[in-house]
Asker: 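Structure in structure tokens, see below.
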Number of protein chains: 2
Amino acid sequence: METVGTVAGAAPATGLRERRKRLTRDALLRSSLELFAARGYEGTTVDDIVAAVHVSQRTFFRYFAGKEEVAFHVPRLAESLLVDAVRGRPPGEPPLDALRGALRESWDDIAEAVEQVVPLELHLRVYRVIESTPALLAAHLRRSSELEERLARVIAEREGVDPDTDPRPRILVAAVCGVIRVAERSWSAGDSGLAALRELTTAHLDRLGPALAEPWSDDRHTSR
Amino acid sequence: METVGTVAGAAPATGLRERRKRLTRDALLRSSLELFAARGYEGTTVDDIVAAVHVSQRTFFRYFAGKEEVAFHVPRLAESLLVDAVRGRPPGEPPLDALRGALRESWDDIAEAVEQVVPLELHLRVYRVIESTPALLAAHLRRSSELEERLARVIAEREGVDPDTDPRPRILVAAVCGVIRVAERSWSAGDSGLAALRELTTAHLDRLGPALAEPWSDDRHTSR
DNA sequence: TTGTCAACTGTCAGTCGCTGTCACTAGCCT
DNA sequence: AGGCTAGTGACAGCGACTGACAGTTGACAA
């Protein structure tokens with residue numbers, strides 16, 4: 001239903017031409033991410049990237065619409081997997097549970113899929129760059145809002161409501177994704193591993209209900 | 001507590017120099033917004049703007065960090081008023097009510113404050129440009145996340161919790177702001193007036209609880 | 001009033017992201 | 001083997017933005 005444009009570890013590679021294309025594309029991707037992680041996003045010029053891969057600048061822009069697209073290649077992959085996971089949830093499940101379940105379930109698939117493209121550790125470093133670079137954070141949030149739209153449509157379909165007249169799918173997804181981003185953000189500020197993010201995310205999701213409840217009880221809702 | 005850099009309708013204007021400065025600043029702001037509304041954001045170059053005001057490009061960049069900053073001058077104003085409104089809510093009020101109350105309450109103040117800078121109608125047109133221009137939408141979302149951070153701190157202070165250890169303030173604010181953005185977004189797609197946005201926002205907020213509830217009931221939650 | 005200082009502004013040159021054009025190389029197919 | 005064309009590099013150009021330098025003009029004191 002969607003061509004993600006997998007980079008490595010898929011498709012048998014037919015002709016020489018296509019093989020070479022994939023090679024330069026891969027090289028551009030890897031070099032870009034490594035440079036972003038090392039020098040930062042703004043500190044990396046397109047000229048730096050193409051110099052490392054020995055290609056002309058023009059070629060870079062034939063493969064990617066811009067620096068930004070390179071930075072979000074891996075996140076795009078992860079998003080598609082999440083959407084698929086929600087789509088594959090048991091039909092009877094309440095919407096909130098479906099989202100939470102899909103999140104927990106898709107985690108390992110995502111890690112695996114990412115690893116086939118670039119080392120997971122590199123991706124995590126790039127992710128922190130994304131969260132800490134204003135321009136990239138902005139792009140990340142816009143992408144997130146597009147993801148929310150996709151998720152809302154899936155939820156709406158599951159529940160048999162029209163997403164254009166019933167606001168509940170979008171409202172639910174917006175709230176959930178908002179909470180997820182809070183978790184991502186506070187995680188990226190620290191330096192813990194993937195497992196920590198997973199736990200932080202689900203823990204925060206479980207606190208959404210109580211946080212909305214009228215007066216906050218005084219139990220320690222501490223985390224971190 | 002915060003200098004917002006009001007543009008028109010405040011401060012008696014001391015010397016001639018300052019008066020002239022404000023004049024060119026105002027002119028740049030007005031011309032920019034009018035051009036954005038007329039030709040779109042990307043369709044408007046800085047050269048277009050400075051040509052309309054008869055100043056050099058360099059001058060434009062001395063007053064504003066870039067095109068983006070001009071576009072968000074008015075939203076920035078509104079955000080500050082909202083934060084102040086939350087801060088001024090009665091201490092005993094539960095956090096969710098405080099946010100909802102502040103929102104309803106600050107509405108008129110915001111409209112009034114905006115009108116003192118540019119015609120409200122112009123701002124609304126520019127707002128639709130923001131929502132429909134990818135680059136501006138991204139910037140808008142990033143600014144929103146900064147607003148969320150400010151709001152979360154206010155809520156944390158009101159509730160007497162530490163925002164760095166208790167995630168509930170951020171979670172609550174993220175959910176609420178997420179819902180608000182859903183309302184803004186679906187409003188900006190249509191062509192109704194300010195009053196419609198106000199009602200849509202509060203209506204959506206009231207649907208947050210039910211949308212999170214386990215199975216969705218079949219009452220018509222229709223809007224629009 | 002006049003002269004000095006500092007603020008404000010314009011001009012110019014340059015960087016970086018990105019796009020259009022055009023010629024050319026090298027896989028691909030017959 | 002030879003033509004076709006996808007993929008590429010080299011080059012020119014645009015728009016956002018920045019730094020350096022010089023000119024202009026309010027502000028303020030003598």
Side-chain angles (χ1 to χ4, degrees), chain A residues 5 7 11-29 31-33 35-36 39-73 129-130 133-136 138-139 142, chain B residues 5 7 11-29 31-33 35-36 39-73 129-130 133-136 138-139 142:
Chain A
V7 176
T14 41
L16 203 167
R17 208 171 219 154
E18 307 235 343
R19 229 181 310 152
R20 288 197 52 117
K21 268 176 71 175
R22 170 126 77 209
L23 240 48
T24 60
R25 190 190 163 86
D26 279 12
L28 283 172
L29 183 61
S31 294
S32 298
L33 297 188
L35 285 171
F36 292 163
R39 308 183 194 175
Y41 180 72
E42 325 243 58
T44 305
T45 70
V46 176
D47 283 334
D48 291 338
I49 299 169
V50 299
V53 187
H54 303 291
V55 191
S56 80
Q57 206 197 51
R58 200 67 189 82
T59 295
F60 174 90
F61 285 108
R62 286 202 182 89
Y63 281 98
F64 302 97
K67 268 167 70 177
E68 206 180 281
E69 189 180 308
V70 189
F72 289 106
H73 182 86
V129 172
I130 290 177
T133 306
L136 284 184
R142 197 203 48 197
Chain B
V7 176
T14 41
L16 174 68
R17 202 170 226 156
E18 307 234 344
R19 229 180 310 151
R20 287 196 54 112
K21 269 176 68 176
R22 172 130 86 210
L23 240 47
T24 61
R25 191 190 163 85
D26 278 12
L28 283 171
L29 183 61
S31 294
S32 299
L33 298 188
L35 285 170
F36 292 162
R39 308 182 193 172
Y41 181 72
E42 326 243 58
T44 306
T45 70
V46 176
D47 284 334
D48 291 338
I49 299 169
V50 299
V53 186
H54 303 292
V55 283
S56 78
Q57 208 197 49
R58 201 69 189 81
T59 295
F60 174 89
F61 285 109
R62 285 201 184 91
Y63 281 98
F64 302 97
K67 266 167 71 176
E68 207 181 279
E69 189 180 306
V70 189
F72 289 107
H73 182 86
V129 171
I130 290 177
T133 306
L136 284 185
R142 198 204 46 198

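Treat the numbers as computed from the prediction; the structure is a model and nothing was measured. Order of the sequence lines fixes the chain letters, A, B, ..., with proteins taken first and strands second; residue numbering starts at 1 for each chain.
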Asker: Given atom CD of Glu69(A) and atom C1' of dC18(C), what is their separation to the nearest angstrom?
Answerer: 13 Å
Asker: Please report, rounded to the nearest Å, how far the C1' atom of dG19(D) is from the CZ atom of Arg58(B).
Answerer: 7 Å
Asker: Would a 4.5 Å heavy-atom cut-off, applied to side chains only, mark Phe72(A) and Ile130(A) as touching?
Answerer: yes
Asker: Do Arg17(B) side-chain and dA7(C) base share a donor-acceptor contact under 3.5 Å?
Answerer: yes
Asker: Please examine the side chains of Ser32(B) and Phe60(B), heavy atoms only from C-beta on, and report whether any two atoms are closer than 4.5 Å.
Answerer: yes
Asker: Roughly how many Å is it from CD in Gln57(A) to C1' in dT8(D), rounded to a whole number?
Answerer: 14 Å
Asker: How do Arg20(A) and Val55(B) order along DNA chain C: which one's closest nucleotide is nearer the 5' end?
Answerer: Val55(B)
Asker: Measuring only between side-chain heavy atoms, which start at C-beta, is Phe61(B) closer than 4.5 Å to Val46(B)?
Answerer: yes
Asker: Taking only the side-chain nitrogens and oxygens of Lys21(A), find out if one of them lies under 4.0 Å from OP1 or OP2 of dG7(D).
Answerer: yes
Asker: Would you mind reading off the distance between Phe60(B) atom CZ and dG19(D) atom P, rounded to a whole angstrom?
Answerer: 16 Å
Asker: Roughly, in whole Å, what's the span from OH in Tyr63(A) to P in dC18(C)?
Answerer: 18 Å
Asker: In this structure, how many angstroms lie between the P atom of dT8(D) and the CG atom of Leu28(A), rounded?
Answerer: 9 Å
Asker: Could you state the CZ-P distance from Phe64(B) to dA16(D), rounded to the nearest angstrom?
Answerer: 15 Å
Asker: If you check the Phe61(A) side chain, which of dG9(D), dG17(C), dA16(D) turns out closest?
Answerer: dG17(C)
Asker: Hey, which of these two, Glu42(B) or His54(A), hits DNA chain D nearer its 5' end, going by closest nucleotide?
Answerer: His54(A)
Asker: Ignoring hydrogens and geometry, is there a side-chain-to-backbone donor-acceptor pair from Tyr41(B) to Glu68(B) under 3.5 Å?
Answerer: yes
Asker: Using a heavy-atom cut-off of 4.0 Å across all strands, would you classify Arg62(B) as base, sugar-phosphate, or nothing?
Answerer: base
Asker: Expressed as a whole number of angstroms, how long is the span from Arg19(B):CZ to dT25(D):C1'?
Answerer: 15 Å
